[in-house]
Student: 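Take a look at this one; I'll ask things after.
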Number of protein chains: 2
Amino acid sequence: MFDMPTQPHAGEPAPAGEPVPPLEAGRPCAACGLLPLCFPHGRGVPAPIAIRHQRVAKGDSLFRRGDSFLHVQAVKTGYFKTVISDRLGTEQVIGFHLPGDLLGLDGMLHGQHGCDAIALEDAEVCVASCFDAGEMCRQSAQVQEGFWRSFAQVLTGHERRALLLGQGVQAQQRLAMFLEDWSRRLRAAGLPHQEIVLPMTRQEIGSLLGLALETISRCFAKLESKGAIEVRQRSIRIVDAKLLAGAGLWPGEGG
Amino acid sequence: MFDMPTQPHAGEPAPAGEPVPPLEAGRPCAACGLLPLCFPHGRGVPAPIAIRHQRVAKGDSLFRRGDSFLHVQAVKTGYFKTVISDRLGTEQVIGFHLPGDLLGLDGMLHGQHGCDAIALEDAEVCVASCFDAGEMCRQSAQVQEGFWRSFAQVLTGHERRALLLGQGVQAQQRLAMFLEDWSRRLRAAGLPHQEIVLPMTRQEIGSLLGLALETISRCFAKLESKGAIEVRQRSIRIVDAKLLAGAGLWPGEGG
DNA sequence: CGCTCACTTGAAAGTCGTCAATAGGTGTGG
DNA sequence: CCACACCTATTGACGACTTTCAAGTGAGCG
């Protein structure tokens with residue numbers, strides 16, 4: 001447990017960095033998008049660049065639309081959502097992010113972030129300067145390749161989400177696909193993926209999937225009555241992964 | 001007009017490359033994602049690497065799910081769709097691509113393409129080897145930055161599409177947003193963007209937007225009756241861009 | 001000239017969104 | 001420790017929108 005020190009504004013990264021010590025030497029986080037920068041020479045050999053750590057309190061934003069893009073960031077602990085607010089002020093969730101995920105890469109386009117990243121619970125992020133990242137990629141083909149792969153990971157996530165818009169994909173299927181995907185990602189991050197505690201509200205799930213929060217609630221009930229999952233508030237237990245997969249319609253994984 | 005020579009299979013890039021001459025010296029395509037590689041030193045100075053050209057006949061695929069990812073590719077002329085087929089064989093459109101767009105970057109993740117790229121009409125693509133691209137990015141920070149920006153462009157396009165899933169975004173709004181976005185991209189590519197001839201069918205639009213083809217047809221009629229557009233088959237004329245923008249709900253652009 | 005494919009248009013049925021009321025959970029403050 | 005307020009989640013009823021099924025028209029191509 002952390003005893004939260006006086007929390008600085010998370011909006012702009014603290015110039016000098018937090019007094020959080022660097023990662024315990026040789027203990028890379030599982031499947032992190034910053035891994036190529038963090039441990040470019042393999043386990044045990046720390047990075048030659050400064051990777052700063054930063055805490056973000058629940059509900060605070062790591063960055064907001066319009067903020068300058070100066071850092072490559074990855075979630076270390078906790079969960080984030082990224083949202084875009086339309087002209088009416090209603091916010092549209094475009095993604096949820098768990099430990100290891102890179103954040104805000106869309107900012108590379110114009111040097112400004114295109115969305116807000118908001119912590120769903122108290123969280124920590126790892127931060128490398130863009131400049132350092134570029135430098136390292138130029139020095140090592142291996143680092144570059146790893147970094148490109150991290151980009152592609154983000155891209156692939158977006159493409160997977162496009163499948164939610166499939167012809168007549170029903171609400172129940174969407175939720176099933178979401179849960180399956182979330183579980184898969186938790187697993188990839190080395191976190192428990194069968195007994196899940198969702199960090200987001202029904203409304204936020206609904207926003208991502210294009211459904212009303214009531215529909216999400218009803219679909220949880222339906223999937224539970226089918227025996228695919230057990231639901232108690234935000235605690236989800238995946239009882240029958242096969243049944244859940246059958247409810248969704250992901251394309252064949254292996255190819 | 002091209003008089004199509006005997007068309008080789010487009011599936012695997014021809015090892016030796018097509019006999020198409022390189023771009024006319026010093027005439028970069030407008031807003032191309034490969035520009036940083038094609039003209040790294042500015043206009044007039046050709047690239048030090050080989051950028052091969054390739055033709056793809058209408059209906060043929062540039063690559064398919066599972067193909068090795070070995071090249072960075074950009075549309076030169078014509079239009080493409082990228083699709084993912086689910087287990088049942090129905091294909092889900094995840095994007096349309098016009099001249100300048102990079103194609104198949106998701107393949108960087110596992111070294112295999114995750115979707116199929118299919119030409120909507122006879123098309124040409126520019127192809128650079130991954131190896132060369134990496135090499136050039138390592139040699140020049142400027143090239144690297146440009147290339148990263150191209151990545152981010154693709155990413156941003158996906159995020160924009162996530163807005164289609166906004167709370168209660170109606171079919172008509174979705175189509176309006178699609179047309180607006182398509183027009184904007186045509187404009188960025190230096191193509192006519194008010195008198196449009198859509199390269200895709202109603203069904204394909206519907207697939208992208210998560211709507212039935214009949215709904216697309218009806219929404220075209222509605223938008224026409226509103227006076228926002230004129231429709232004749234695939235020819236669309238944007239009469240009142242403001243009205244069209246009002247039908248959609250994009251977030252404030254500049255802000 | 002006739003075929004096929006794309007598109008249009010109509011009617012019926014189903015799903016989901018909205019509105020509303022209620023219950024449960026959490027956190028704060030007395 | 002309890003009470004209160006607030007937020008989140010559940011559940012029901014109704015209405016609107018979209019899908020589906022169907023038939024028919026039009027355009028492009030061999």
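Order of the sequence lines sets the chain letters (A, B, ...), proteins ahead of strands, with each chain counted from 1.
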Student: With a 4.0 angstrom cut-off to heavy atoms of chain A, pull out the first and last contacting nucleotide of DNA chain D, in 5'-to-3' order.
Tutor: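 Terminal contacting nucleotides, 5' to 3': D:dT8 to D:dA13.
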Student: Classify the nucleic acid contact of A:Arg234 as base, sugar-phosphate or nothing, counting any heavy atom under 4.0 Å across all strands shown.
Tutor: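 A:Arg234: backbone/sugar contact only, no base atoms under 4.0 Å.
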Student: Under 6.0 Å from the CZ atom of B:Arg237, do we count more than 12 heavy atoms belonging to anything else shown?
Tutor: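 Check passes, neighbour count above 12.
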Student: Salt-bridge test for A:Arg184 and A:Asp181: reply yes if a basic N is under 4.0 Å from a carboxylate O, no otherwise.
Tutor: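 Salt bridge: yes.
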Student: For DNA chain D, which residues of residues 222-232 of chain B approach it to below 4.0 angstrom with any heavy atom?
Tutor: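 When residues 222-232 of chain B is checked for heavy atoms under 4.0 Å from DNA chain D, there are no hits whatsoever.
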Student: I need the CD-P distance between B:Gln233 and C:dT8, as an integer number of Å.
Tutor: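 Answer to the nearest Å: 6 Å.
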Student: Could you give the side-chain donor-acceptor pairs of residues 168-178 of chain A under 3.5 Å, partners two or more places apart or in another chain?
Tutor:
unit_1, atom_1, unit_2, atom_2, d
A:Gln173, OE1, A:Gln170, N, 3.1
A:Arg174, NE, A:Leu164, O, 3.2
A:Arg174, NH1, A:Leu209, O, 2.7

Student: With side-chain contact (heavy atoms from CB on, under 4.5 Å) as the criterion, how do B:Val154 and B:Thr156 come out once you've worked through the C-alpha distance, each side chain's angles and the decisive distance to 0.1 Å?
Tutor: CA-CA 5 Å; B:Val154 178; B:Thr156 304; over 6 Å; no
Student: Give every donor-acceptor pair under 3.5 Å between a side-chain atom in residues 192-199 of chain B and any protein atom, sequence neighbours left out.
Tutor:
none

Student: Output yes when A:Glu159 and B:Arg161 qualify as a salt bridge under the 4.0 Å nitrogen-oxygen rule, no when they do not.
Tutor: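 Answer for the salt bridge query: no.
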Student: Would you list the protein and nucleotides 27-29 of chain C atom pairs, both N or O, that sit under 3.5 Å from each other?
Tutor:
none

Student: For DNA chain C, which residues of residues 199-217 of chain B approach it to below 4.0 angstrom with any heavy atom?
Tutor: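 Under 4.0 Å from DNA chain C: B:Thr201, B:Arg202, B:Leu213, B:Glu214, B:Ser217.
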Student: Should B:Glu214 and B:Arg218 count as side-chain neighbours, where that means a heavy-atom distance under 4.5 Å?
Tutor: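 Yes, side chains in contact.
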Student: A:Ala228 and A:Leu243: which non-hydrogen atoms are nearest, and at how many Å?
Tutor: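 Of all heavy-atom pairs spanning A:Ala228 and A:Leu243, the closest is N-CD2, 3.8 Å.
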